[in-house]
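Some notes on the structure that comes next.
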Amino acid sequence: MHAGKFEGEFTAYANGLTCGDLDDKVKLLPADPEAAAVLKGWAAQEDALLDVAGLDLTGVDISGADLANGLLTETVLRKANLSGCDLYRAHLEGAVLAEADLSDAGLVKAVLDGASLAGANLDGADLGSAELWGVDASGASLRGSKLEGAALLETKLYGADLSHATVRETSFKVLLDDRSIVEGLTGTVFGPARVAGADGAREISGRDLEVWLNERGARVEVLTP
């Protein structure tokens, strides 16, 4: 093989492979050989369940794919493109989704306990009845997202943008700070939440939580359990 051609192919591989003749479920393969092989096998099978638990899919592009009931526990999906994906009931416990694109994704009843969503884009995503215990969503964008019935428990929303998101009987036991954006957030939640400030974090619930949110442009009612 010509040296220049070999070097070009190696560079393409190292930086993530385009898929060419693969099913359009996968637009860009990850650089990790094991993860790439698993995705190739999955893409070649019709209606196959995706199982990439524990693998490194950094930078992968599987936007628009059907990942319902997928097994992505502890999968590294940093900077992955999952926009428009159907992740209904997907298992994402401990997954690393930092800076991933999950815009307009369907995450209804997905389990994200312990996952990292720091800096992720979830604009327009549907997280109805999703489980987000212990999730770090610091700096994440959830503009226009749907959080109806979701369980946000010990979820870090420091600097997160929830503008124009919707909630309904949502467990909102979250960690907020003055950088958290809630303008246009509408619906009903259960507290309490914790708000971090210069003097440490303070817990607020009921009317106090309602005032904190609504003074910042939300239209939220805090329900009594």
Side-chain angles (χ1 to χ4, degrees), residues 51-58 67-80 82 85 87-103 105-123 125-143 145-162 165-182 185 187-197 200-205 209 212-213 220 222-223 225:
D51 182 355
V52 288
L55 297 181
D56 186 351
L57 273 66
T58 297
L67 309 178
N69 298 297
L71 303 175
L72 299 97
T73 305
E74 297 184 353
T75 303
V76 179
L77 290 154
R78 186 177 286 106
K79 296 186 177 181
L82 302 170
C85 283
L87 287 149
Y88 175 74
R89 287 189 182 277
H91 286 273
L92 292 145
E93 297 97 327
V96 180
L97 291 148
E99 299 181 66
D101 185 355
L102 287 148
S103 58
L107 289 146
V108 174
K109 296 187 177 180
V111 184
L112 294 117
D113 296 344
S116 171
L117 288 165
N121 178 4
L122 292 113
D123 292 351
D126 189 347
L127 292 115
S129 300
E131 299 178 24
L132 295 96
W133 177 83
V135 168
D136 183 0
S138 300
S141 182
L142 294 109
R143 292 175 294 182
S145 62
K146 299 177 182 177
L147 297 160
E148 286 90 347
L152 281 70
L153 307 173
E154 299 299 318
T155 303
K156 291 180 181 177
L157 294 172
Y158 299 138
D161 186 351
L162 285 85
T166 56
V167 288
R168 187 179 71 247
E169 297 184 0
T170 300
S171 296
F172 203 65
K173 298 180 180 180
V174 299
L175 290 80
L176 304 161
D177 63 11
D178 288 336
R179 298 172 299 131
S180 304
I181 301 171
V182 295
L185 177 68
T188 58
V189 299
F190 294 101
R194 291 209 309 272
V195 178
R202 60 188 177 94
E203 184 174 287
I204 53 175
S205 59
L209 176 55
W212 192 94
L213 293 168
V220 169
V222 177
L223 303 172

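No hydrogens, no waters, no symmetry mates; every other heavy atom, side chains included, goes into these values. Each residue takes its place number in the sequence, starting with 1.
Here the side chain of D136 pairs no donor or acceptor atom with the backbone of A118 at under 3.5 angstrom. One N or O on the side chain of T155 and one on the backbone of L132 form a donor-acceptor pair closer than 3.5 Å.
When each of T188, L157, V220 is tested with F172 by the rule side-chain contact (heavy atoms from CB on, under 4.5 Å), just one qualifies, namely L157.
Separating the CD1 atom in I181 from the CG atom in L162 is a distance of 9.0 Å, to the nearest 0.5 Å. Going from atom OH of Y88 over to atom NZ of K109 covers 4.5 Å, rounded to the nearest 0.5 Å. Atom-to-atom distance recorded for K173:NZ and L152:CG is 11.5 Å, nearest 0.5 angstrom. In this structure, NZ on K79 lies 15.5 Å from CG on L57, to the nearest 0.5 angstrom. Here the straight-line distance linking atom CD of E131 with atom CG of L112 works out to 9.0 Å at 0.5 Å rounding. To the nearest 0.5 Å, the span separating CG on L102 from OG on S141 amounts to 11.5 Å.
Pairing each heavy atom of D161 with each of R143, the nearest pair is OD2-CD, 3.1 Å. When every heavy atom of A193 is checked against every heavy atom of L209, the shortest pair comes out as CB-CD1, 3.9 Å. Taking each heavy atom of G159 and D177 in turn, the nearest pair found is N-OD1, 3.1 Å. Taking every heavy atom of both residues into account, E169 and L223 meet most closely at CG-CD1, 3.9 Å. Closest approach of E148 to R168, counting heavy atoms only: CG-NH1, 3.3 Å. Nearest heavy-atom pair, V222 versus G191, reported as atom, atom and distance to 0.1 Å: CG1-N, 4.3 Å.
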Checklist entry - Would L122 and L107 satisfy side chain to side chain contact (heavy atoms under 4.5 Å, CB included), going step by step from the backbone distance to the final call? => result CA-CA 10 Å; L122 292 113; L107 289 146; 3.9 Å; yes

Next on the checklist: Assess the residue pair L82 and L97 against the criterion (side chain to side chain contact (heavy atoms under 4.5 Å, CB included)); give the C-alpha distance rounded to whole Å, side-chain angles, the decisive distance to 0.1 Å, and a yes or no.
Outcome noted: CA-CA 10 Å; L82 302 170; L97 291 148; 3.7 Å; yes

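For the side chain to side chain donor-acceptor pair (under 3.5 Å) test, no residue two or more places apart in sequence or in another chain qualifies with S205.
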